[in-house]
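Working notes, beginning with the structure itself.
We name chains A, B, ... by the order of the sequence lines, and we start the count at 1 in each one. None of the values given here were measured: they were computed from a predicted structure.
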Amino acid sequence: MSRYDPAEIEPKWQAAWDEALTFKASDDTSKPKYYVLSMFPYPSGRIHIGHVRNYTLSDVIARYKLAGGHNVLHPMGFDAFGMPAENAAMANGGHPKDWTYGNIDDMVAQMKPMGWSFDWSRKFATCDEDYYGQQQALFLDMLEAGLIYRKNAMVNWDPVDMTVLANEQVENGRGWRSGALVERKELTQWFFRISDFSDELLEGLDTLDDWPAKVKLMQANWIGRSRGLQFAFSTVNAPEGHDRIEVYTTRPDTLLGASFVGISPDHPLAKVLERDNPEVAAFTAECRKGGTTEEAIETAEKLGFDTGITVRHPFDTAVELPVYIANFILMDYGTGAVFGCPGHDARDHEFATKYGLPIVETFEPIEGGIDIKAEPFVPQKTEKVRYTRLIAGEEIQTSEEAVEAAVAFCEANGVGQGVTKYRLRDWGLSRQRYWGCPIPVVHCETCGTVPEKKENLPIALPYDNGGEAIDFAIPGNPLDRHPTWRDCACPSCGGAAKRETDTMDTFVDSSWYFARFTAPRAKTPTDMDKAGYWMTVDQYVGGIEHAILHLLYSRFFTRAMIQTGHLPESCAEPFKALFTQGMVTHAIYQTTSDAGRPVYHYPEEVVSIPFEGKSVVVLKKAFEEQGMDVDNEAHRQAVATAFHDFPHWGVEVVPSAKMSKSKNNVVDPVAIIEQYGADTARWFVLSDSPPERDVEWTASGAEAANRHLGRVFRACAEIAESEVPPTGEDEALAREMHKAIRDVTLAIESFGFNAAIARLYAFTNALTKSRAGSETKRAAAKALAQLMSPMTPHLSEEIWSLLGGEGLIANAPWPVADEAMLVEDSVTLPIQVNGKRRGELTVPVDMAKDEIEKLVLAHSAVERALNGAAPKKLIVVPGRIVNVVA
RNA sequence: GCGGGCGUGGUGGAACGGUAGACACAAGCGACUUAAAAUCGCUAGGGCAUUGCCCGUGCGGGUUCGAUUCCCGCCGCCCGCACCA
């Protein structure tokens, strides 16, 4: 009998699948379709263990659905534009295109041995001329439909990447990729009108039942819809042209608690004032200087400057409120001006306390008793409160109700109107980079900005300067200084014109790739029939880090593509179900250098020695220092014993840390495959934790997974050859098999892959221990192979063929549990006394309640507990449990 | 600050309101072996102990015949957002 040799069987079955075109998605629309997609990778050149987990998850689903009779689409491609390619060209010379395509080839070579069921015939990279040419066609259609426009705007400028960033791409004031402090700069940019879809994008979230609530919440917060009142205060002694100050508030119900008006340092009125008043100018300059780091924002003091201007209260013109310029008011939200209500807002309270402004209560808790001077009263908007200075509505109502009543009242009295505002801004897509999709427009002195003609697409990136290499080492955009590429004929008048040299944000590339996969070679961006059949994606799998950017942009894109006729109406939501997987982590082995700095060690540099029931982790170097041998058990024990005297041998183990090259705790999938095979890697990343949680990679865990697969192989190989006639244990094993089929199927359906694997361990144990006859064992082994096949496809194929299974296991229909075999004749009921388990009782399933009661009362444990007394109560839950209340 | 999530053995983790700790790792004991590796078997939450009993799912309460699970209040950790009017 041969032994389990993944290096032999894995390439063999991969070749067999290729040969049979097993995973080539057919467009045969007679079958139910299932589109499962993993987020496509950036081609860094190396796959990492996170990819292994991600793609194994979608692979399990793809293979399970294929066995379930679906027409499965499980494609893979590369998100191939972006800065790293240009950085590599800057650092090491070479060309971004060569670097990228070289990396793609390397990555495909690393991915194929994993045995993922991708339909590689649909592979594309977003830097393929074919792909980005179609993207340019989409751009032109969206431009024509008014979904894209150009405007002069303050933008986030990343001084390291020398490009602009969208709001979503700025994290804590830093560029999401470079980490550089973002500057503000005024540029003419192209924008997607994503904010026109704010309501739709927000409301669409409610239909996404199979998305994590967390992601939906993050998107809802990002869109940030708020309902409020916009109105104007009339001013007293303000400069000409500023006789009104427009403010926006979500709390018009607290209007009678207003004690000041605050305007942004960038407000037009502030700009007028700073022109004539050096004090104002000094103050606003100070405000603008404010740091952008997280810390600076958090600790920034609330500062105000009393302008001397006042406004009249709209409902009590006798009241005049002072106007302050305040550093915490943003010009680009609302109107850049607010009224402050210190009684019911923490920030306003801080401000009013500092500048000695009145603090007026407008409502109080129903039971009263609150000191508004000491602390603002800010209850939930859904909580009922008693209004003491009421604008409209009932005296006792929720703030939610009061806001609506106040809006209606103000509108009726000619004081402003109710408006809905959003935090979501339009998506600026221009990037001043070379390695991206060129924006297909032309600037003509006569005609202005003119879209390219579709027949001129693709507008391809120039590879070089007419035979001379582009120098990527110069900062800035090479397209901008290219001698000839910019020059073109105006599509409108035919005169000399210049191309737009900005390229598109790479998030555009990933906003529609899922649609392109449904017809990757179509001569138009999509094929409506194919898209209509395959879309939407039934299950999307990827990291939570894309919760806002990629997923929100994609949801906008499908809507924009529907408007431009590139997707059917039914595709508004691109991803029906979303699954966000956790990270793969690994322990860090750390010591401290003489200088007190942490030193990180590779797993190979340390050794764990079992000692006195615990593990002692030491540096292997310690053995060398002592002239001892790591593999010598006596030496190991000697080191472990002497460990306390030599603390510098010891290694601190930081468990479950994110993998990082600088911490030396990265595991390389290629090395894992070489050592154990793909099936072991697949089995392990699925086995130890629920897929949405982080899982820690451990060498011992991987070895255990490998050992188990070897056990399964040997057991099944033995069963294949054995000839034992039926025995009395056949039925028991058959029942186990049907229970395993039921449980594993349910677990896979609910993404409980770790539970499925635990169940498969148990079933394997039952099979290897069983003394049933060969026929039954073979059936059980085949079922085991099938149930394992989504996780360990190569091993399963091998077992399947050893056992004489028909065709490829990948094509075999998923086993169905026989209900009759799941029904038990007898059941073991735990017996509780006062909720504590005291014994158990095995009875026929259909035994009557009163019969069970008799048996329970006669049970020795119950008799002992009752001690002759009658039970107060006797609860029998049929098939479950019995509880005696003494 | 706001919002969300999570706290279970030495570890990862299981448990429709119904036997807490499935399954696995690490550990220990044993078998096989000249020996080791591999493999196989057994033990294993803590404590007391003779059958058995007590304690135990972050802490404190509550609902229930019965709570890891539901409710209320704390504590701790993680994630997201954050001067958003």
Side-chain angles (χ1 to χ4, degrees), chain A residues 3 171-172 212-215 217-218 220-222 224 226 228-230 247-251 254 262 264 290 294 297-298 300-302 326-330 332-341 345-348 350-351 378 421-423 544-545 547-548 587 608 610-615 631 633 655-656 684 687-690 692-696 698-705 707-708 710-711 714 752 754-765 768 828-840 861 864 871-877 879-886:
Chain A
R3 62 184 188 88
E171 294 163 358
N172 295 326
K214 184 188 169 116
V215 174
L217 190 72
M218 283 165 71
N221 288 341
W222 188 265
S226 66
L229 178 77
Q230 187 164 326
V247 299
Y248 171 69
T249 178
T250 55
R251 294 306 299 266
T254 66
S264 164
E294 192 177 1
I297 291 169
E298 211 161 296
E301 204 183 344
K302 310 267 173 289
N327 66 341
F328 56 85
I329 297 170
L330 308 173
D332 56 2
Y333 190 83
T335 62
V338 302
F339 76 80
C341 177
D345 180 276
R347 191 192 54 202
D348 293 347
E350 187 187 333
F351 191 83
V378 193
K421 288 209 185 283
Y422 303 87
R423 191 173 164 275
I544 184 91
E545 64 273 19
I548 295 174
S608 172
F611 183 70
E612 291 182 348
K614 286 187 182 167
S615 286
D631 298 319
E633 190 53 36
S656 307
F684 180 76
S687 66
D688 261 21
S689 294
E692 67 275 16
R693 248 188 266 182
D694 290 353
V695 62
E696 176 161 304
T698 61
S700 54
E703 261 161 42
R707 267 204 307 275
H708 177 72
R711 250 193 316 267
R714 279 195 309 278
N754 59 324
I757 284 183
R759 194 62 188 79
L760 286 166
Y761 270 108
F763 180 43
T764 306
N765 292 341
T768 51
T828 301
L829 299 175
I831 300 176
Q832 293 184 336
V833 178
N834 293 332
K836 281 179 186 155
R837 186 179 179 280
R838 284 292 181 261
E840 60 182 36
R864 192 164 54 235
K872 287 204 186 99
K873 205 169 175 183
L874 192 54
I875 294 125
V876 178
V877 185
R880 278 264 168 225
I881 203 165
V882 180
N883 193 8
V884 183
V885 184

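- In this structure, A:Leu760 reaches neither bases nor backbone, as no heavy-atom distance under 4.0 Å exists between it and the strands shown.
- In this structure, A:Leu829 and A:Gly879 approach most closely via the heavy-atom pair CD2-C, 3.6 Å.
- Against the 90° criterion about 0, the sugar-base torsion of B:G58 places it in the anti range.
- Look at the C1' atom in both B:U64 and B:G18: the space between them is 12 Å, to the nearest Å.
- Protein atom CD1 of A:Ile548 is 8 Å distant from nucleotide atom C1' of B:G80, rounded to whole Å.
- A distance of about 15 Å separates the C1' atoms of B:G9 and B:G58, rounded to the whole Å.
- For the residue pair A:Ser226 / A:Tyr248, a side-chain donor-acceptor distance below 3.5 Å is found, with atom types taken as modelled.
- What separates CZ of A:Arg423 from C1' of B:C84 is a distance of 7 Å, to the nearest Å.
- Exactly one residue among A:Val833, A:Ile875, A:Leu874 makes a side-chain contact (heavy atoms from CB on, under 4.5 Å) with A:Val885. That residue is A:Ile875.
- Annotation for A:Asp345 and A:Asp348: closest pair OD1-N, 2.8 Å, computed over non-hydrogen atoms.
- Atom CD of A:Glu350 is separated from atom C1' of B:A85 by 15 Å (rounded to the nearest Å).
- Computed from coordinates, the A:Leu829 CG to B:C65 P distance equals 20 Å when rounded to whole Å.
- The two residues A:Lys421 and A:Tyr333 make their nearest non-hydrogen contact at CB-OH, 4.5 Å.
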Practice task
Return one dot-bracket line describing RNA chain B 5' to 3' (Watson-Crick or G-U wobble pairs, both distances under 3.5 Å; ( ) same strand, [ ] crossing, | another strand, . none).
Solution key: (((((((..(((.....[....))).(((((.......))))).((((...))))..(((((..]....))))))))))))....
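- Using C1' as the reference atom, B:C84 and B:U11 are 44 Å apart when rounded to the nearest Å.
- In this structure, A:Glu545 places its CD atom 12 Å from P of B:C81, rounding to the nearest Å.
- A close approach under 4.0 Å does occur between a side-chain nitrogen or oxygen of A:Arg838 and OP1 or OP2 of B:C53.
- Taking 4.5 Å as the limit, every side-chain heavy atom of A:Arg347 sits out of range of all side-chain heavy atoms of A:Phe351.
- With P as the reference atom, B:G3 and B:G73 are 13 Å apart, rounded to whole Å.
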Fill in the blank from the handout: Under a 4.0 Å heavy-atom criterion, the protein footprint on nucleotides 1-25 of chain B, written with B, S and -, is --SS-------SSS-B-BB--BSSS
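- A distance of about 23 Å separates the P atoms of B:G30 and B:A24, rounded to the whole Å.
- Pairing each heavy atom of A:Met218 with each of A:Ala547, the nearest pair is CE-CB, 3.5 Å.
- Shown here for A:Glu696 and A:Pro655, the closest heavy-atom pair between the two residues is OE1-C, 3.4 Å.
- Taking atom C1' in both B:A20 and B:U8, one finds a spacing of 8 Å when rounded to whole Å.
- Separating the P atom of B:G4 from that of B:C72 is a span of 12 Å, rounded to the nearest Å.
- Note: CG (A:Asn327) to P (B:A85) measures 17 Å, nearest angstrom.
- Going from the C1' atom of B:C54 to that of B:U39 covers 41 Å, rounded to whole Å.
- Residues A:Pro830 and A:Arg880 approach most closely at CD-O, 3.1 Å, considering heavy atoms.
- The residue among A:Ile544 and A:Tyr333 whose nearest nucleotide of RNA chain B lies closer to the 5′ end is A:Ile544.
- Side-chain atoms of A:Ser264 come within 3.5 Å of backbone N or O of A:Ile329 as a donor-acceptor pair.
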